[in-house]
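Here the structure comes first, spelled out in structure tokens, and everything after it is commentary.
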Number of protein chains: 2
Amino acid sequence: MNIGEAAAASGVSAKMIRHYEAIGLIEAAGRTGSGYRTYGQKDLATLTFIRRARDLGFSIAQIRDLLALWRDRSRASADVKRIAGAHIEELTAKMRQLQEMVMTLQHLSAHCHGDDRPDCPILERLATGGAGKDCC
Amino acid sequence: MNIGEAAAASGVSAKMIRHYEAIGLIEAAGRTGSGYRTYGQKDLATLTFIRRARDLGFSIAQIRDLLALWRDRSRASADVKRIAGAHIEELTAKMRQLQEMVMTLQHLSAHCHGDDRPDCPILERLATGGAGKDCC
DNA sequence: CTTGACCTTGACATCATGGGAAGGTGCAGG
DNA sequence: CCTGCACCTTCCCATGATGTCAAGGTCAAG
């Protein structure tokens, strides 16, 4: 299987497959006589594994660890769970940050007339840090 | 005021102040005879504005627009509100993505024994895409 | 043999930020 | 006056994950 096929089948772009090879996340693929990379079912499974992990927001570093555990038949599931747990915390922290931003923005936006007049609590907040004169 | 002071007072790093100047987000600062950048109260206000906007997750491009509106006395608050609204949508979309990841991970993690045994629904999910044998 | 689709490597862009090197400036103390 | 330290300057490189583009080689079908 050429890289294009592997990309289509795994959902990882050809570009990223080469990149993952370059950074050592996956082993260097076999090559044909003319230098084309070739992929087998095992490689495909690895690539698909990686894509699913990326879809779940795992970083390359975390995926490196997950791949090692995946290949390690004597792994302890606790190790996997720990990585996942850490990742859940990271994601949750990010969500909280976003949540706070959204709350603030919604609040400011709700108090903004949104008409032709220049007065705007959003700008006011950015400029002065205060809550704006129309604010509760 | 030197760049270090301006950085401390505004909460924007000296590095980033120079960067913002280089990309044209802020005007080039005045210089002393020996080439040091100097900042006044107005510059400080701009930098603080930028930092607050960054804290709310606005991109540089959005901040560029917000700054223009801020300086424009004949602005319509509707323009500001539109930018904020678009940003709220972006943030909310990101939050939803994170939320989905977290839900999936929590589900998988809950079904992982987390002990010495190698069986792990998390890896199983990444490997096969299925829900894992212990799954509801 | 030509054409078009695919592959190769390499360089550069994104976005916001940080790190560091190499060298100049300013001020305080000896 | 000199020394030392803290600060400033510019320039280059790195992050993380991905994309784009370019120049050239390869393969299969017509």
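Proteins come first, then strands; the chains are lettered A, B, ... in the order of their sequence lines, and each starts at number 1.
Protein atom CZ of R31(A) is 13 Å distant from nucleotide atom P of dT26(D), rounded to whole Å. With rounding to whole Å, K94(A) atom NZ is found 12 Å from dG16(D) atom P. As a whole-Å value, the separation of R37(B) CZ from dC7(D) P is 17 Å. Rounding to whole angstrom units, OH of residue Y39(A) and C1' of dC6(C) are separated by 14 Å. Atom-to-atom, CD of E21(B) to P of dA16(C) comes out at 18 Å; the value is rounded to the nearest Å. Atom CG of L25(A) is separated from atom P of dT18(D) by 11 Å (rounded to the nearest Å). Atom CG in N2(B) sits roughly 12 Å away from atom C1' in dC27(C) (whole-Å rounding).
By the 4.5 Å heavy-atom criterion applied to side chains, I17(A) and Y39(A) are counted as neighbours.
One hydrophobic cluster, built from ILVMFWY side chains closer than 4.5 Å, holds both F58(B) and I60(B). There is a path of hydrophobic side-chain contacts, each under 4.5 Å, that joins L44(B) to L66(B).
In summary, D55(A) and R51(A) engage in a salt bridge, as defined by a charged side-chain N under 4.0 Å from a carboxylate O.
Judged purely by atom type and a 3.5 angstrom limit, T38(A) has no side-chain atom pairing as donor or acceptor with the backbone of M1(A). Remark: side-chain polar atoms of H113(A) are not paired, donor with acceptor, to backbone N or O of C120(A) under 3.5 angstrom.
Within 4.0 Å (heavy atoms only), S59(A) reaches sugar-phosphate atoms of the nucleic acid but no base atom.
Taking the side chain of Y36(B) as heavy atoms from C-beta on, and the options dA16(C), dT26(D), dC8(D), the nearest nucleotide is dC8(D). Taking every side-chain heavy atom of I3(A) into account, dT8(C) is the closest of dT8(C), dT9(D), dA16(C). In the set dT18(D), dT26(D), dT9(D), the nucleotide with an atom closest to the side chain of S34(A) is dT26(D).
When each of D116(A), D115(A), D119(A) is tested with S77(B) by the rule side chain to side chain donor-acceptor pair (under 3.5 Å), just one qualifies, namely D115(A).
For E100(A), the CD atom counts as loosely surrounded, since its 6.0 Å shell holds 12 or fewer non-hydrogen atoms of other residues, nucleotides or ligands.
Closest non-hydrogen pair, L98(A) versus K94(B), comes out as CD1-CB, 3.8 Å.
Listed in residue order, the members of residues 5-20 of chain B having a heavy atom less than 4.0 Å from DNA chain D are K15(B), R18(B). Contact check of residues 41-50 of chain B against DNA chain D (heavy atom, cut-off under 4.0 Å) returns no residues at all.
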